[in-house]
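This report refers to the structure that appears directly beneath it.
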Amino acid sequence: MVVGGGNAAIDAARTALRLGASSVTVAYRRTRAEMPAYREEVEEAEREGVKFQFLAAPVELVLEKGKLAAVKMQRMGLGDFDRTGRRKPVADPNGEFVMPADQLIAAVGQALQPNEIFNGVSLKLNEREFIAVNPVNGQASEEWVFAGGDAVSGPSSVIEAIAAGEKAASGMHAFLAGKGEIPWHAPRTVDTFFDPDADPVVGPGPG
Ligand SMILES: Cc1cc2nc3c(=O)[nH]c(=O)nc-3n(C[C@H](O)[C@H](O)[C@H](O)COP(=O)(O)OP(=O)(O)OC[C@H]3O[C@@H](n4cnc5c(N)ncnc54)[C@H](O)[C@@H]3O)c2cc1C
């Protein structure tokens, strides 16, 4: 069983199937319409054989001889809209049911464990409990620490992490060598047949 409704949950489910799991079910507490995963990913997962259990949230692991045997699930319904614009999952009084499972993968978000990575250095965190940095150069609250990627933004994407790495590299270079210009960041004049800085003008309407 994979718990979650995002792209990471779908990746985990498809990978589990490909690694030989006989059956994989993604359990999500809302419905298919609210899943944050890309629609095509969900469809591909389904085509590959992943099953879905919507409106269900795990409440208890059922162990047999110390091993997972099943997961007690709570049926959910949808309530009012929350600030993400999705309807809030609310426990359904129709109760609980049990789903057999011998492995459970939680794909319900990521959090930073500052004590494990900061090694005794005290760094400020932002309001989401990730590392607070200067967005221009990735410098953290200790001037010799630079950070970027998921540890700063929370779960994001490879390209965002690479961009943050480049910014931080430039910031570190400036910190150590006094200048931080990355050659490909230097402004270039682009040769166009139009003036890219000109104000927009109203063109002829349709018809
Ligand atoms: C299942 C899944 C699927 C994803 N699919 C996509 C996708 O298709 N496209 C996309 O763009 N993004 C995807 N992402 C997001 C993407 O993986 C991340 O945004 C990206 O990897 C962030 O890069 P990062 O360098 O910040 O962190 P990471 O890639 O997480 O790298 C952090 C590294 O630090 C190491 N580390 C942790 N603690 C310590 C420590 N104390 N000491 C030393 N090393 C440590 C970790 O082992 C890890 O190697 C996916 C994420 C997941 C979980």
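Everything numeric here is computed off the predicted structure, so don't read it as measured data. Atoms within a ligand are numbered from 1 in the order they appear, just like the ligands themselves. Heavy atoms only: backbone and side chains are in, while hydrogens, waters and symmetry mates are out.
- From Lys67, atom NZ reaches atom CD of Gln103 across 10.0 Å, with rounding to the nearest 0.5 Å.
- Rounding to the nearest 0.5 Å gives a distance of 11.0 Å between CD of Gln74 and CG of Leu55.
- Remark: Arg47 CZ to Arg14 CZ distance equals 9.0 Å, nearest 0.5 Å.
- Sorted by chain and number, the heavy-atom contacts of ligand 1 below 4.0 Å come from Ala8, Asp11, Glu116, Ile117, Gly149, Asp150, Ser156, Ser157, Val158, Ala161.
- For the pair Glu142/Leu123, a side-chain contact is recorded, criterion being any heavy-atom separation below 4.5 Å from C-beta on.
- Checked against Glu46 for a salt bridge (charged side-chain N to carboxylate O under 4.0 Å, His left out), the options Arg39, Arg32, Lys51 give a single hit: Arg32.
- Figure legend: Arg75 and Phe97 shown as a cation-pi pair, the cationic atom lying under 6.0 angstrom from the six-membered ring centre and within 45 degrees of its axis.
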